[in-house]
Amino acid sequence: MGREKESKDEDKIKLKSSKMKLKKLSGHEHAGAGGDSSRGRCMGSKRIKPEEEMDGDFISKKKSQKRKRIKEEQTECPTDTSSKESGKLEEDDTSQKKRKRKAEKTVKKEEADPVPVTKKTKRTKEEIQEAKLLKIKKKEEEEQNRWRWWEEEKYEDGVKWKFLEHKGPYFPPEYQPIPENVHFYYDGKAVKLSLAAEEVALFFAQMLDHEYTTKDQFRENFFKDWRKEMTSEERSIITDLNKCDFGEMHAMHKAKVEARKNMTKEDKQTMKDANQKIVDEFGYCLLDHHKERIGNFKIEPPGLFRGRGDHPKQGMLKKRIQPEDVIINCSLNGSIPVPPVGHHWKEVRHDNTVTWLASWTENIQGSIKYIMLNANSKLKGEKDWEKYEIARKLKTSVDHIRYQYNLDLKSKQMSTRQRAVALYFIDKLALRAGNEKEEGESADTVGCCSLRVEHITLHERLEGDECVVEFDFLGKDSIRYYNKVPVIKKVFKNLKLFMENKEPGDDLFDRLSTQLLNKHLSSLMAGLTAKVFRTYNASITLQQQLKELTNEGDNVAAMILSYNRANRAVAILCNHQRAPPKTFEQSMANLQAKIDGRKEQLALAKSEFKQAKKEAKSKGNSDPKLQTLVERKKAAVKRCEDQLLRMELQATDKEENKQIALGTSKLNYLDPRISVAWCKKYEVPLEKIYNKSQRDKFAWAIDMTEEDFEF
DNA sequence: AGGTGAACTTAGAACAGTCAGG
DNA sequence: CCTGACTGTTCTAAGTTCACCT
């Protein structure tokens, strides 16, 4: 797989193997843990439904419900019986009171704790305090406005909402022609471009600093699409991209970026306010009585397509979307979004079995793009919760499933054997399912089912292990997966068999597809698909690692390091990589320098401490001044030691994180209740683990989880 | 029973905002 | 107070899954 990503990837791999220690515990070891315990106590006190019943809710319910558009008789209210409603209200009331009380406490504490300072600073301190108070108040308000949907009854099958109202998508501004004094040159001569051609030329000019514009495929695709936008006259002149000079356009763009950076504070504020206004108007919708944030309310602006990896379509023109391309989805009985003046929507529909508010078809792949809600919304949150419940269900049946595919490894049916081996990989290595892809439509990447013979190498014996499979392929986003894994004999033998008489480019699992695999899985457990294994293995790994790595008496900083390490084990399992930050080496060196500095300081403090002690001793213990000096020096040493320790922890953490991305697993694979419970148990402030938007996203988990939660 | 498209989740990069340290 | 590093947010590409169609 000769890809231009290669050099970067190689780098990434080096790290990967060095960090493999962490990985030991992937795969099967975590199977047996626990098993018995988690029933019924994990939903927290407020949730009344026992888990058993809930599981049923989650899994079986949605099975194949026909999609139906809502009819005339839309109600504005969510389905709820009045009795339940009143009960809920009552509870809401008490819990709200509780929250209020908590807030009052914090406020009081702040007030009772004035800092004695000089007059001048005092005022600002007061101001700061006031700001803090305001913040707390705002937080409280937010908390009270939060829709506690997880305490509500779920809708009947397939229905995603009963009422949906929004303003439609926000369209990017029209193209602004470049000023007269900025020229485009072809073959040394200035050429005035038509508006359409100029716009596309500017897309390219703006990207000139990017590596993309040096790639042949990108240039070729761009040029082809650019020519389509040209007038026939332009087309006859401009025939070679290499003769195009976008220098002035590029310079203009850079100047603009620079100017934006150097704007005055006021101008920046004005801009911010204007943006906020757009968010306020378009960024929210009304869904079943609740205001919900929209995730992506802006129509994607036109530009040049930036595919990942070796994408055959990179550089193609991504066209401007008009209202005439956009389908609106909303309630029939609410207000319907108004299209921009002089325009109309492609269609307005009222389908409450889907969650999107607007959609359009994109011109590169012909796929549909959607406008949907933010991750902190009910619609997304509920689904997320459901996902983790299915994964927890897998925990209880995983032993049986593993037993089953172990048997299947010896099946007489080739397709069954292939399925078993694939499942073994998916379970042990957390590989993705791997759908078939159409050739030429996207980069050549694979997952488990689409692995080819060329992607694995078998070693009877390697580095002291037997039956080692060496994987080397590009996965999602063209991220390289490289791993050497000892496997059981049966799997190894099967792989040999599958590879017999095949070319490197042939499918390893020629009798298997993701559909087949998932069909089998869903027969083993309701709701089970290939990706559930990733969720399950990620979450169970976190839980296990936390158990293993957490030291009871540690301070918060050490706790965080332990958490990050556990998180990192998961990220490695899921192969979540990132390009090392450009400034990594530098900032690592900086940190090291600081550590060295601190070490010197510590040495100094220590000798001063000794000196003071000696002096105190020699003069007898009578002098109180000397005594306090000794104490002070002692404290200084202690302080220095603490700081040094903290910095060293930080450095370790940083180094280990160089090219591993923790965010993806944290956001998508780790049951938040594990983290919440851990924080509670070890008294780690949750804000150290989840930032604001993550806390919003996981509000359901934060609210319902007690410290004894077991995944 | 296999292909296809709609709908939705997962992903890393780019960008913007903030904050700590000189 | 300013600046660069870090953190959080936005963006949109690239996956998975499932129902529908033939």
Side-chain angles (χ1 to χ4, degrees), chain A residues 5 62-67 158 160 207 210 212 257 260-261 268 271-272 275 279 283 295-301 303 305-309 311 313-314 318 327 329 351 353-356 359 361-362 364-375 379-380 383-384 386-387 432-438 441-443 445-450 474-479 513-519 521-522 527-532 534-535 538 571 574-579 581-584 586-588 590-591 594 650 654 659-661 663-669 690-694:
Chain A
K5 267 215 137 169
K62 67 170 283 196
K63 282 278 101 179
S64 78
Q65 186 70 189
K66 293 248 161 63
R67 299 229 165 107
K160 303 293 169 64
M207 282 181 78
H210 203 286
Y212 270 123
V257 171
R260 192 154 5 121
K261 222 170 62 192
K268 273 185 188 163
M271 285 268 278
K272 212 175 150 187
N275 263 327
V279 174
N296 57 327
F297 60 89
K298 289 176 177 165
I299 295 275
E300 293 175 16
F305 177 71
R306 299 154 91 114
R308 313 271 173 93
H311 202 297
K313 297 194 169 185
Q314 60 183 290
K318 204 170 101 163
I327 302 173
N329 191 35
D351 182 354
T353 67
V354 296
T355 66
W356 52 270
S359 73
T361 303
E362 149 266 359
I364 304 283
Q365 326 261 9
S367 64
I368 306 173
K369 299 265 184 159
Y370 300 93
I371 286 187
M372 288 180 184
L373 294 188
N374 188 274
L379 248 27
K380 295 287 183 190
K383 202 76 189 299
D384 212 33
E386 181 185 332
K387 173 182 76 185
R432 295 188 186 82
N435 285 295
E436 290 300 323
K437 295 170 76 182
E438 218 174 314
E441 289 296 299
S442 59
T445 63
V446 297
C448 186
C449 294
S450 49
L474 295 185
K476 182 178 180 181
D477 292 315
S478 291
I479 296 292
S513 69
T514 51
Q515 292 99 315
L516 237 45
L517 178 68
N518 280 335
K519 216 173 127 195
L521 287 176
S522 70
L528 187 62
T529 62
K531 87 187 190 77
V532 178
R534 245 167 108 80
T535 311
C574 294
N575 200 37
H576 290 141
Q577 299 187 34
R578 60 167 184 174
K582 282 181 214 87
T583 56
F584 185 85
Q586 184 56 53
S587 74
M588 203 65 209
N590 287 349
L591 191 58
K594 261 201 293 187
Q650 206 187 338
K654 199 171 170 149
Q659 40 207 183
I660 296 176
T664 304
S665 49
K666 204 188 229 182
L667 233 49
N668 300 303
Y669 288 104
Y690 290 135
N691 66 33
K692 178 75 170 66
S693 49
Q694 290 165 338

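Naming convention: chains lettered A, B, ... in sequence-line order (proteins, then strands); numbering from 1 in each chain. Quick caveat: nothing in here was measured; it's all calculated off a predicted structure.
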*Would you sort out whether A:R432 and A:C448 count as a side chain to side chain contact (heavy atoms under 4.5 Å, CB included), showing the intermediate values?*
CA-CA 6 Å; A:R432 295 188 186 82; A:C448 186; over 6 Å; no
Would you indicate, yes or no, if [N] has its OP1 or OP2 atom less than 4.0 angstrom from a side-chain nitrogen or oxygen of [X]?
{"X": "A:T355", "N": "B:dC8", "value": "yes"}
{"X": "A:K261", "N": "B:dA16", "value": "no"}
{"X": "A:H210", "N": "B:dA14", "value": "yes"}
{"X": "A:N374", "N": "C:dT9", "value": "no"}

*Between A:D384 and A:G366, which is nearer to the 5' end of DNA chain B once each is assigned its nearest nucleotide?*
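Residue closer to the 5' terminus by nearest nucleotide: A:G366.
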*Considering heavy-atom distances to DNA chain B, does A:S359 or A:R534 have its closest nucleotide positioned more toward the 5' end?*
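With A:S359 and A:R534 compared, the 5'-side residue is A:S359.
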Let me know the distance between [atom1] of [X] and [atom2] of [N], rounded to the nearest Å.
{"X": "A:N275", "N": "C:dT10", "atom1": "CG", "atom2": "P", "value": "10 Å"}
{"X": "A:K519", "N": "C:dC18", "atom1": "NZ", "atom2": "C1'", "value": "13 Å"}
{"X": "A:I368", "N": "C:dT17", "atom1": "CD1", "atom2": "C1'", "value": "15 Å"}
{"X": "A:L373", "N": "B:dT9", "atom1": "CG", "atom2": "P", "value": "10 Å"}
{"X": "A:Q515", "N": "C:dC20", "atom1": "CD", "atom2": "P", "value": "16 Å"}
{"X": "A:L667", "N": "B:dG12", "atom1": "CG", "atom2": "P", "value": "12 Å"}
{"X": "A:K383", "N": "B:dA7", "atom1": "NZ", "atom2": "P", "value": "13 Å"}
{"X": "A:F297", "N": "C:dT9", "atom1": "CZ", "atom2": "P", "value": "15 Å"}

Taking only the side-chain heavy atoms of [X] (C-beta and beyond), determine which of [options] contains the nearest atom.
{"X": "A:R260", "options": "C:dT9, B:dA16, B:dT9", "result": "B:dA16"}
{"X": "A:N691", "options": "B:dT10, B:dC8, C:dG8", "result": "C:dG8"}
{"X": "A:S693", "options": "C:dT9, B:dT4, B:dA7", "result": "C:dT9"}
{"X": "A:I479", "options": "B:dA7, B:dT9, B:dG12", "result": "B:dG12"}
{"X": "A:R578", "options": "B:dA11, B:dA13, B:dA6", "result": "B:dA13"}

Within the side chain of [X], is there an N or O that forms a donor-acceptor pair under 3.5 Å with the backbone of [Y]?
{"X": "A:K268", "Y": "A:K261", "answer": "yes"}
{"X": "A:D351", "Y": "A:W356", "answer": "no"}
{"X": "A:D384", "Y": "A:K380", "answer": "no"}
{"X": "A:N329", "Y": "A:T355", "answer": "no"}

*If you measure from CD1 on A:I327 to OG1 on A:T361, what distance do you get to the nearest 0.5 Å?*
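One gets 6.5 Å once the value is rounded to the nearest 0.5 Å.
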*Which distance, rounded to the nearest 0.5 Å, do you find between the SG of A:C449 and the CD of A:E436?*
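Here the rounded value is 8.5 Å.
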*asked:* Suppose we screen for salt bridge (charged side-chain N to carboxylate O under 4.0 Å, His left out). Which residues come up paired with A:K313, at least two apart in sequence or across chains?
replied: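 Partners of A:K313 by the salt bridge (charged side-chain N to carboxylate O under 4.0 Å, His left out) criterion, ordered by chain and then number, come out as A:E441.
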Output a table of nitrogen or oxygen pairs between the protein and nucleotides 12-16 of chain C separated by less than 3.5 Å.
{"from": "C:dA13", "atom 1": "OP1", "to": "A:K318", "atom 2": "NZ", "distance (Å)": "3.1"}
{"from": "C:dA13", "atom 1": "OP2", "to": "A:K369", "atom 2": "NZ", "distance (Å)": "2.4"}
{"from": "C:dA14", "atom 1": "OP1", "to": "A:R308", "atom 2": "N", "distance (Å)": "2.6"}
{"from": "C:dA14", "atom 1": "OP2", "to": "A:H311", "atom 2": "NE2", "distance (Å)": "3.3"}
{"from": "C:dG15", "atom 1": "OP1", "to": "A:T445", "atom 2": "OG1", "distance (Å)": "2.8"}
{"from": "C:dG15", "atom 1": "OP1", "to": "A:D477", "atom 2": "N", "distance (Å)": "3.2"}
{"from": "C:dG15", "atom 1": "OP2", "to": "A:K437", "atom 2": "NZ", "distance (Å)": "2.9"}
{"from": "C:dT16", "atom 1": "OP1", "to": "A:A433", "atom 2": "N", "distance (Å)": "3.2"}
{"from": "C:dT16", "atom 1": "OP1", "to": "A:G434", "atom 2": "N", "distance (Å)": "2.6"}
{"from": "C:dT16", "atom 1": "OP2", "to": "A:N435", "atom 2": "N", "distance (Å)": "3.1"}
{"from": "C:dT16", "atom 1": "OP2", "to": "A:N435", "atom 2": "ND2", "distance (Å)": "2.7"}

*Answer yes if the side chains of A:Y212 and A:R306 hold a donor-acceptor pair under 3.5 Å, and no otherwise.*
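No donor-acceptor contact under 3.5 Å links the two side chains.
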*Mind listing the closest non-hydrogen atom pair of A:S478 and A:A443 along with its distance?*
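Taking every non-hydrogen atom into account, OG-CB, 3.8 Å.
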*Taking five pairs at each end of the helix from B:dA1-C:dT22 to B:dG22-C:dC1, what angle separates the two helix axes (nearest 10°)?*
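Both end axes considered, the difference amounts to 10°.
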